[in-house]
Number of protein chains: 2
Amino acid sequence: MAPSDEAMTDTQRSVLEYVQKHLQESHRSPTVREVMRHFKWNSPQSARKHLLALEEKGYLERDEHIARGMRLAEPTVTGISIPILGKVAAGLPLLAEENREGTLVVDPSMARGGRNLFALTVRGDSMVNAHILPGDRVIVQQTTHAAPGEIVVALIEGEATVKTFRKTSSKITLEPANPKYDPIVITQDQDFRIIGKVVGVFSPR
Amino acid sequence: MAPSDEAMTDTQRSVLEYVQKHLQESHRSPTVREVMRHFKWNSPQSARKHLLALEEKGYLERDEHIARGMRLAEPTVTGISIPILGKVAAGLPLLAEENREGTLVVDPSMARGGRNLFALTVRGDSMVNAHILPGDRVIVQQTTHAAPGEIVVALIEGEATVKTFRKTSSKITLEPANPKYDPIVITQDQDFRIIGKVVGVFSPR
DNA sequence: TGATTTAGAATACGATTGTATACTAGTATA
DNA sequence: TATACTAGTATACAATCGTATTCTAAATCA
């Protein structure tokens, strides 16, 4: 349950702010008695009631009977960690642990709308004219459908490839952005699947 | 004091990994006894000795007498926040608060060697053949010197521009990567300054 | 061989800590 | 007026937890 469902009293707000500050500064939850002492109260229950109220209203999460067991309901986001996909193993879900090669941190602006993202390291120069170079990390939004002209990541016979998606009434082609290469025409009997479309490129130089 | 000064024993390494994992997953330090139970030991001292050893060797930090008082000596880096430079105001230090337009989070792999980084939003298409497009964020390492052929960010008469740096015995030129534009020849009386070189490009699509 | 280091056990002490119950007082509300 | 809610106090209990001391056993090393 997300915060801001229910209003806090002034004291509850102060307590929440103290807990937030404590977590931020010491990377550790305060104890009930630390809250009590900070507000110069004389009973652990004074603090405890506010903490329980904050938990009930969804602002705090707690683990019972555990010392320093408080957490903020909404963790502060500094960057979005998305998995880097390596070789895709057949039969496994795309984002299974086994397919992961590492983690890439991207700006939160990339993740608007809670998009289902992953990254892929580009091999080969087939997309240089779309400014996607070998070694670049393409940031991919997972989807099974794409509009013609969009740059997609497709799985052909178990191999992941980045190409421009083209579609006519009769056939689907995957078009490179490099005159050196020919378009790939998808035939009926091929194992073909769109796994996402490119929403960003990260290019270390 | 940085870790890796002193070698760990195998057990100490396992304990450190467990503490790291615990911190990462629950945002909370394990207790001495939780470490003990995880390794199926029968005495708190078994765990405590390893924890004290890890502290002495600089891998862990601890606060005495405090429940769940362990921290990693090197905080886990999830992303590097670098400032996005806007219009550069004359007279101010480059990275002054007034010049900042926002923050960009990049992968830690960009920040190897503790480089002094900032980001810049590209305006114009003068570098498209170097795969730097309008709207891209170039990630820049601050430096006053560059080798010919490197892509630099230069300040000409207070205006920041991204170009390829060229230098002969007689003159300095800034070369666009787009035939539509002519190279800029720097004259003696111009206020010219290199402020950094491009080490990465972040391109939202 | 004897000394040192490392790993772990056994046990205990006391402070810390989450929790429970019972109480007073003020304030808002139906 | 009676009721409910909020705020805080007082006190107690038991589990958790960091720490201290003493001990055994194996491995390393000079």
Side-chain angles (χ1 to χ4, degrees), chain A residues 3-23 25-73, chain B residues 3-23 25-73:
Chain A
S4 83
D5 309 338
E6 293 194 53
M8 284 180 281
T9 66
D10 287 348
T11 316
Q12 281 167 14
R13 183 174 301 279
S14 308
V15 170
L16 181 61
E17 277 168 13
Y18 171 71
V19 174
Q20 287 173 333
K21 200 179 148 202
H22 198 285
L23 278 166
E25 289 178 359
S26 71
H27 288 278
R28 181 198 307 144
S29 158
T31 64
V32 177
R33 279 174 176 80
E34 278 170 358
V35 175
M36 172 192 90
R37 285 191 290 265
H38 179 263
F39 288 95
K40 298 195 199 312
W41 292 326
N42 298 301
S43 165
Q45 279 314 311
S46 307
R48 186 155 205 268
K49 279 187 189 167
H50 295 298
L51 295 171
L52 289 175
L54 285 168
E55 189 193 3
E56 205 163 341
K57 292 180 182 176
Y59 297 97
L60 274 184
E61 288 174 9
R62 260 179 2 103
D63 290 326
E64 282 188 351
H65 298 281
I66 284 185
R68 305 183 179 280
M70 289 180 272
R71 300 185 306 276
L72 291 183
Chain B
S4 83
D5 310 338
E6 293 192 55
M8 282 181 279
T9 65
D10 288 349
T11 316
Q12 282 166 15
R13 183 173 302 278
S14 308
V15 170
L16 181 59
E17 277 167 14
Y18 171 70
V19 174
Q20 287 172 334
K21 200 178 146 202
H22 197 284
L23 278 165
E25 289 177 0
S26 71
H27 288 279
R28 181 198 307 146
S29 158
T31 64
V32 176
R33 278 173 176 81
E34 279 171 358
V35 176
M36 172 192 90
R37 285 192 289 267
H38 179 262
F39 288 95
K40 298 195 199 310
W41 291 327
N42 299 298
S43 166
Q45 279 314 309
S46 306
R48 185 153 207 268
K49 278 185 188 170
H50 295 298
L51 295 171
L52 289 176
L54 285 167
E55 189 193 4
E56 202 162 343
K57 291 179 181 176
Y59 296 97
L60 274 184
E61 289 175 9
R62 258 177 5 101
D63 290 326
E64 282 188 353
H65 299 279
I66 284 186
R68 304 183 180 278
M70 288 181 271
R71 300 185 305 277
L72 291 184

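So that the names make sense, note that chain A is the first sequence line, chain B the second, and so on, each numbered from 1.
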One should read off an interatomic distance between A/W41 CH2 and A/K49 NZ, to the nearest 0.5 angstrom, of 11.0 Å
Provide a list of protein-nucleic acid N or O atom pairs under 3.5 angstrom, restricted to nucleotides 9-12 of chain D.
| residue | atom | partner | partner atom | Å |
| --- | --- | --- | --- | --- |
| D/dT9 | OP1 | A/N42 | ND2 | 2.8 |
| D/dT9 | OP2 | A/N42 | N | 2.9 |
| D/dT9 | OP2 | A/S46 | OG | 3.2 |
| D/dA10 | N7 | A/S43 | OG | 3.2 |

Spatial distance of atom CZ (B/R13) from atom CD (B/E17) [nearest 0.5 Å]: 7.0 Å
Taking for each residue the nucleotide of DNA chain C bearing the nearest heavy atom, is the 5' side occupied by B/H50 or by A/R37? B/H50
Nearest-angstrom distance from the residue atom CZ of B/R62 to P of D/dC17: 15 Å
Take the protein atom CZ of A/R68 and the nucleotide atom P of D/dA15, then report the distance between them rounded to whole Å. 21 Å
I want to check one thing: is the phosphate of D/dT21, taken as OP1 and OP2, less than 4.0 Å away from some side-chain N or O of B/R48? no
Should B/T11 be listed as having a side-chain N or O under 4.0 Å from OP1 or OP2 of C/dT6? no
Which of parallel (below 30°), tilted (30 to 60°) and perpendicular (above 60°) describes B/F39 and B/Y18? perpendicular
Roughly how far, to the nearest 0.5 Å, is the CD atom of B/E55 from the CZ atom of B/R48? 9.0 Å
Check the distance between D/dA7's C1' and A/L54's CG and give it to me in whole angstrom. 14 Å
Roughly how many Å is it from CD in A/E64 to C1' in D/dA14, rounded to a whole number? 15 Å
Atom CZ of B/R28 and atom P of C/dT17: how far apart are they, to the nearest Å? 14 Å
How many angstroms lie between atom CZ of B/R71 and atom CG of B/D63, to the nearest 0.5 angstrom? 4.5 Å
Starting at CE of A/M36 and ending at P of C/dG18, how long is that distance when rounded to a whole Å? 11 Å
Separation of D/dG18 P from B/L60 CG (nearest whole Å): 13 Å
Can A/L52 and A/R62 be said to form a side chain to side chain contact (heavy atoms under 4.5 Å, CB included), step by step? CA-CA 9 Å; A/L52 289 175; A/R62 260 179 2 103; 3.7 Å; yes
I'd like to check B/L51 versus B/V19 (side-chain heavy atoms, cut-off strictly below 4.5 Å). Are they in contact? yes
A/V35 versus A/A47, closest heavy-atom pair with distance: CG1-CB, 3.8 Å
Atom CD1 of B/I66 and atom C1' of C/dG18: how far apart are they, to the nearest Å? 17 Å
Bracket string, DNA chain D, 5' to 3' - pairs by Watson-Crick or G-U geometry under 3.5 Å, | interstrand: ||||||||||||||||||||||||||||||
Any chance you could measure A/R68, atom CZ, to A/L23, atom CG, to the nearest 0.5 Å? 10.5 Å
